[in-house]
Student: 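Mind looking over this structure? Questions follow.
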Amino acid sequence: MKTIKHLLFAAMLPFMALSLNSCTDYQDELDALDYRVTVLENLVNKMNTDMEAMEIIIDAMAGSDYITNVTQSSEGYIITFNNSGAIVIHDGVDGANGRDGVDGRDGRDAQAPNITIEQDTDGNWYWKLNGEWLTDNNGNRVQANGKNGRDGKDGQDGKDGQDGKDGKDGKDGVTPQVRINGDGIWEISTDGGLTWQSTGTPATGKDGEKGADANVIIKVVTHWSEGYVEFITSSGSFRVPLATT
């Protein structure tokens, strides 16, 4: 299976053909290409880990979990949940601006699809892609939080009334995955990577355009005295309780 780096190098090769006029130009192009590939790889990994974190945050906010510890590391914040374990939030270091195009050769360093979540009238949270509901291969909206099982109905009173049937177990929420294909286009999967659909968003922009900031999906603000941690995202602000000491 091709790695992300192999796919990205294939997508970037047309940029190299424009200015390989000398050994110096050749090395400059290779350095620029390697830089852009590294930025894109980091962005793919960050988006995937942040979406996994969002699913845990949403479930915890609903009351099924709470935070036991918050520590800061070189990567960001390590948030430890009582039931879900530890997650890493890459908070505190904004994405670097993409470099300006040089003589029309360097394109944007990275851009990404806008992936958010939104609560609907049924009380559940669903993923959105570029402002539209994200759907699976069957056209169903992809839910971010775990689905609660329905309670069984009690048996009717009477002689030897039968007990109500147990409610069905709730289904887990689905965490989308993203990648960049060989044509340099972002793709998204809602079935654990079995199938992929295009988002229509290119990973690199047109030649010579100024690079956009890398997305910071989640920011962390710890309110120790108030007893909660606030997660600020493009979807809104979410508060998860801290364990009482």
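When reading the values below, keep in mind they use all heavy atoms of this one structure, side chains included, and skip hydrogens, waters and symmetry mates. Only a predicted model underlies this, so the values are computations on that prediction, with no experimental measurement involved.
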Student: Whether the N114 and T116 side chains hold a donor-acceptor pair (N or O, under 3.5 Å, no angle test) is what I'd like checked.
Tutor: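 Their side chains do not contain a donor-acceptor pair, so the 3.5 Å distance test is not met.
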Student: Quick check: do Q197 and I188 have side-chain heavy atoms less than 4.5 Å from each other?
Tutor: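 Side-chain contact under 4.5 Å: yes.
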Student: At their closest point, which heavy atom of N48 faces which heavy atom of V178, and how far apart are they?
Tutor: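 Heavy atoms only, the tightest pair is OD1-N, 2.8 Å.
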Student: Examine the side chains of S189 and Q177 and answer whether a donor and an acceptor come within less than 3.5 Å of each other.
Tutor: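 Q177 and S189 do not have a side-chain donor-acceptor pair below 3.5 Å.
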Student: State, yes or no, whether a side-chain contact exists between Y66 and L242 at a heavy-atom distance under 4.5 Å.
Tutor: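 Answer no - side chains too far apart.
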Student: Do F238 and I58 pass the side chain to side chain contact (heavy atoms under 4.5 Å, CB included) test, and can you show the C-alpha distance, the side-chain angles, and the key distance before you say yes or no?
Tutor: CA-CA 8 Å; F238 306 96; I58 290 297; 3.8 Å; yes
Student: Check the angle between the aromatic planes of F231 and F81 and answer parallel, tilted or perpendicular using the 30° and 60° thresholds.
Tutor: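 The rings of F231 and F81 lie parallel, inter-plane angle below 30°.
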Student: What are the two closest heavy atoms between W186 and A203, and how far apart are they?
Tutor: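 Between these two residues, the closest heavy atoms are NE1-CA, 3.5 Å.
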Student: Tell me, do V221 and V229 make a side-chain contact under 4.5 Å, heavy atoms counted?
Tutor: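 No, their side chains stay 4.5 Å or more apart.
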Student: If I take atom CG from residue N69 and atom OG1 from residue T71, how far apart are they, to the nearest 0.5 angstrom?
Tutor: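 It comes to 5.5 Å.
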Student: With no hydrogens and no angle check, do the side chains of N140 and T135 hold a donor and an acceptor under 3.5 Å apart?
Tutor: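 No.
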Student: Using a distance-only test with no angle check, is there a side-chain donor-acceptor pair under 3.5 angstrom linking T175 and E55?
Tutor: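 Yes.
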Student: Under a 4.5 Å side-chain heavy-atom rule over Ile, Leu, Val, Met, Phe, Trp and Tyr, are M61 and I89 clustered together?
Tutor: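 The answer is yes; both residues are in one hydrophobic cluster.
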Student: Shared ILVMFWY cluster between I79 and W224, side chains joined below 4.5 angstrom?
Tutor: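 Same cluster: I79 reaches W224 through Ile, Leu, Val, Met, Phe, Trp or Tyr contacts under 4.5 Å.
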Student: Check the side chains of D59 and S64 for a donor-acceptor pair under 3.5 angstrom, ignoring hydrogens and angles.
Tutor: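 No, because no side-chain N or O of S64 sits under 3.5 Å from a partner of the opposite role on D59.
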Student: Would you say the side chain of T80 lies within less than 4.5 Å of the side chain of V70, judging by non-hydrogen atoms?
Tutor: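 Result no, sub-4.5 Å side-chain heavy-atom pair not found.
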Student: State, yes or no, whether a side-chain contact exists between E118 and W133 at a heavy-atom distance under 4.5 Å.
Tutor: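 They are in side-chain contact.
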Student: Taking D183 for its side chain and I185 for its backbone only, find out whether a donor-acceptor pair lies under 3.5 Å.
Tutor: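 Pair absent, no side-chain N/O of D183 close to backbone of I185.
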Student: What distance do I87 atom CD1 and D50 atom CG have between them, rounded to the nearest 0.5 Å?
Tutor: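 Answer rounded to 0.5 Å: 9.0 Å.
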Student: Answer yes or no: is there a side-chain heavy-atom contact under 4.5 Å between M47 and I115?
Tutor: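 They are in side-chain contact.
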Student: Would the distance check show the side chain of T199 and the main-chain N or O of T201 forming a donor-acceptor pair, the cut-off being under 3.5 Å?
Tutor: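 Checked: pair present.
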Student: Can you find a pair of side-chain heavy atoms, one from M54 and one from I218, that are under 4.5 Å apart?
Tutor: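 Yes; the side chains approach each other to less than 4.5 Å.
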Student: Could you check whether N124 and N145, counting side-chain N and O atoms only, form a donor-acceptor pair closer than 3.5 Å?
Tutor: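 Side chains of N145 and N124: pair found under 3.5 Å.
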Student: Do I56 and Y126 belong together in a cluster built from hydrophobic side chains that touch within less than 4.5 Å?
Tutor: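 No; Y126 is not reachable from I56 via cluster members.
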Student: Side chain to side chain donor-acceptor pair (under 3.5 Å), that's the test. Do N137 and T190 meet it? Break it down for me.
Tutor: CA-CA 8 Å; N137 294 332; T190 60; 4.9 Å; no
Student: Closer than 4.0 angstrom, basic N to acidic O: yes or no for R141 and D136?
Tutor: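 D136 and R141: not salt-bridged.
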Student: Please round to the nearest 0.5 Å and tell me the distance separating atom OG1 of T38 and atom CG of L43.
Tutor: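 Atom-to-atom, T38:OG1 and L43:CG are 12.5 Å apart.
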Student: Hey, is the main chain of N83 close enough, under 3.5 Å, to the side chain of D65 for a donor-acceptor pair?
Tutor: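 Flag set: sc D65 to bb N83 pair under 3.5 Å.
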Student: Decide yes or no for I232 and E230: does some side-chain heavy atom of the first lie under 4.5 Å from some side-chain heavy atom of the second?
Tutor: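 In contact.
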Student: Determine, using the 4.5 Å side-chain heavy-atom cutoff (strictly less than), whether I57 and V220 are members of one ILVMFWY cluster.
Tutor: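 Yes; V220 is reachable from I57 via cluster members.
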